[in-house]
Amino acid sequence: QTGSANTNPSDSADDEYITSVSIGTPAQVLPLDFDTGSSDLWVFSSETPKSSASGHTLYSPSKSSTAKKLSGSTWSIEYGDKSSSSGDVYTDVVTIGGFSVKTQAVESATKVSTQFVQDTVISGLVGLGFDVGNQVSPRPQKTWFSNAANSLAEPLFTADLRHQETGSYNFGFIDTSLAKGTIGYTPADGSEGYWGFTATGYSVGGAKLNRNSITGIADTGTTLLLLPDNIVDAYYNNVESAQYDDSQEGVVFDCSEDLPSFSFGVGGQTITISGDLLNLTPIEEGSSTCFGGLQSSADIGINIFGDVALKAALVVFDLGNERLGWAQK
Ligand SMILES: Cc1c(C=O)c(-c2nnc3c4c(C[n+]5cc6c(C)n(C)c(C)c6c(Cl)n5)n(C)c(C)c4cnn23)c(C)n1C
């Protein structure tokens, strides 16, 4: 068995990607953000304060004949941008791309931070990280993919995120036609809950890869490519108008500049992110100053290959073999 779901950028900056998910009986369809950097499936619901829930599509467990309260269970989560949510837990049938998990923990939000209140294009997240990262207590719950894995044709899923285009999450199979290059595989470290891996080197503007390895995570829930300062500086030294903007908390440059590409080695392959993909967006509507898709990870303590990097590749999240595959698109 397999599943295949389309995913779409939420806005002109590809800030996040939205995928439709069906929950309950009869199906309640919610727009959710698939996040390989976390391991909880949580939703805005009939239990979310009305003032916070307005503008969001809600899950109502009371309207689902298959919903069951997981009594005594609660959850609370904080994300890298300091956004947060918390609540209680139901189990219900959850269908993604035509594949159903009958008894999935659906974490219902009784509290959400302002970033989520304001982000009305999504009604929650689907964590596609490792189960060890799940935040339900007293008994942590499995992710949708973990519950699905043994019934899928292969225990893997792929992410094909695209710039201002419809992409896909495929479950249980690899559609190699989505990629131009060969898939290079490298071991994945799931011990922290993330999809951790090591890139074997990098280069700017199509130069030969150096041998400076970069350990980080493949994170569909993070917008940017967040790497160490030495790499960020090496890149923006090639961008004449680049400067750090305190108010934007990142490197900005003239939108008219042609940006160099950025490449990294992984699994014996080279993934090249075109300059266009590294120019994320004007800092505000109509501005001629643009915000970089590559920014520093110095304050975070972990390197994050977010959507800016993932958009250049077809990425295979292979749970069965505890490995990540990357192919140039
Ligand atoms: C350590 C870390 C991150 C790790 O993940 C991270 C980050 N980066 N994108 C996102 C997140 C997103 C994606 N996301 C990013 C957005 C940006 C940059 N902007 C301007 C808007 C309007 C966004 C929206 Cl709506 N959505 N979402 C939905 C959530 C819950 C995120 C949590 N953190 N996050 C940041 C900013 N930092 C410092």
Side-chain angles (χ1 to χ4, degrees), residues 7-19 21 30-44 48 52 55-57 75-87 107 109 111-129 133 135 159 161 163-164 167 169 192-196 214-229 232 244-252 277-285 287 289-311:
T7 192
N8 288 291
S10 64
D11 59 19
S12 58
D14 301 342
D15 277 320
E16 58 193 344
Y17 286 79
I18 299 165
T19 309
V21 175
L30 275 72
L32 302 181
D33 181 8
F34 285 19
D35 180 13
T36 56
S38 65
S39 307
D40 288 62
L41 192 166
W42 73 265
V43 291
F44 275 71
T48 311
S52 301
H56 290 267
T57 307
W75 61 282
S76 175
I77 196 162
E78 183 176 276
Y79 295 97
D81 65 353
K82 304 291 178 243
S83 60
S84 61
S85 51
S86 59
E107 301 168 34
K111 203 168 160 207
V112 289
S113 66
T114 44
Q115 297 99 317
F116 287 116
V117 172
Q118 291 164 355
D119 185 4
T120 52
V121 292
I122 60 169
S123 290
L125 270 70
V126 175
L128 294 173
Q135 299 296 299
L161 303 184
H163 172 58
Q164 294 299 289
Y169 284 97
E192 301 293 312
Y194 309 119
W195 287 86
I214 312 166
T215 296
I217 66 173
D219 184 357
T220 58
T222 291
T223 307
L224 304 179
L225 170 57
L226 301 167
L227 296 178
D229 283 339
V232 174
Y244 188 85
D245 179 324
D246 288 325
S247 65
Q248 296 294 321
E249 292 187 329
V251 178
V252 301
L277 287 182
L278 286 157
N279 179 343
L280 203 67
T281 178
I283 56 172
E284 52 205 45
E285 195 71 25
S287 168
T289 302
C290 277
F291 191 77
L294 169 60
Q295 298 292 343
S296 170
S297 64
D299 303 351
I300 305 170
I302 185 171
N303 298 312
I304 303 183
F305 291 77
D307 300 339
V308 162
L310 301 171
K311 275 180 261 183

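Every number for a ligand or one of its atoms is a count from 1 in the order of the listing. Model, not experiment: these values are computed from the prediction.
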Per-atom contacts of ligand 1 with [X], taking only distances under 4.0 Å to non-hydrogen atoms:
{"X": "Y79", "answer": "32 (C)"}
{"X": "T223", "answer": "8 (N), 9 (N), 13 (C), 14 (N), 15 (C), 16 (C), 18 (C)"}
{"X": "D33", "answer": "28 (C)"}
{"X": "D119", "answer": "25 (Cl)"}
{"X": "S83", "answer": "30 (C)"}
{"X": "I300", "answer": "1 (C)"}
{"X": "G80", "answer": "1 (C), 2 (C), 3 (C), 4 (C), 33 (N), 37 (N), 38 (C)"}
{"X": "F116", "answer": "30 (C)"}

Next item on the list: May I ask you to check whether W195 and F305 place their ring centers less than 6.0 Å from one another?
Entry: no

Going by atom types alone, do [X] and [Y] pair a side-chain donor with an acceptor below 3.5 Å?
{"X": "S38", "Y": "D40", "answer": "no"}
{"X": "S86", "Y": "S76", "answer": "no"}
{"X": "D229", "Y": "S296", "answer": "yes"}
{"X": "S10", "Y": "D15", "answer": "no"}

Check: Quick one: does ligand 1 sit under 4.0 Å from the side chain of D299, the backbone, both or neither, non-hydrogen atoms only?
Finding: neither

Checklist line | Nearest neighbour in protein (non-hydrogen) for atom 12 (C) of ligand 1 | finding: G221 O, 3.4 Å

Check: Identify the closest protein heavy atom to atom 28 (C) of ligand 1: which residue and atom is it, and at what distance?
Finding: E16 OE1, 3.0 Å

Checklist line | Shortest reach to atom 20 (C) of ligand 1 by a heavy atom, considering only I304, D81, D11, D15 | finding: D15

Notebook entry, point to check: Is S113 reaching over with its side chain to a backbone N or O of S83, donor-acceptor style, under 3.5 angstrom?
Noted result: no

Check: Do other residues, nucleotides or ligands put more than 12 heavy atoms under 6.0 Å from the CD atom of E249?
Finding: no

Check: Hey, is OH on Y194 packed in by over 12 heavy atoms from elsewhere, all under 6.0 Å?
Finding: no

Notebook entry, point to check: Should the pair H56 and F44 be assigned to parallel (<30°), tilted (30 to 60°) or perpendicular (>60°) ring geometry?
Noted result: parallel

Check: For ligand 1, is there an N or O atom under 3.5 Å from any N or O atom of T222?
Finding: yes

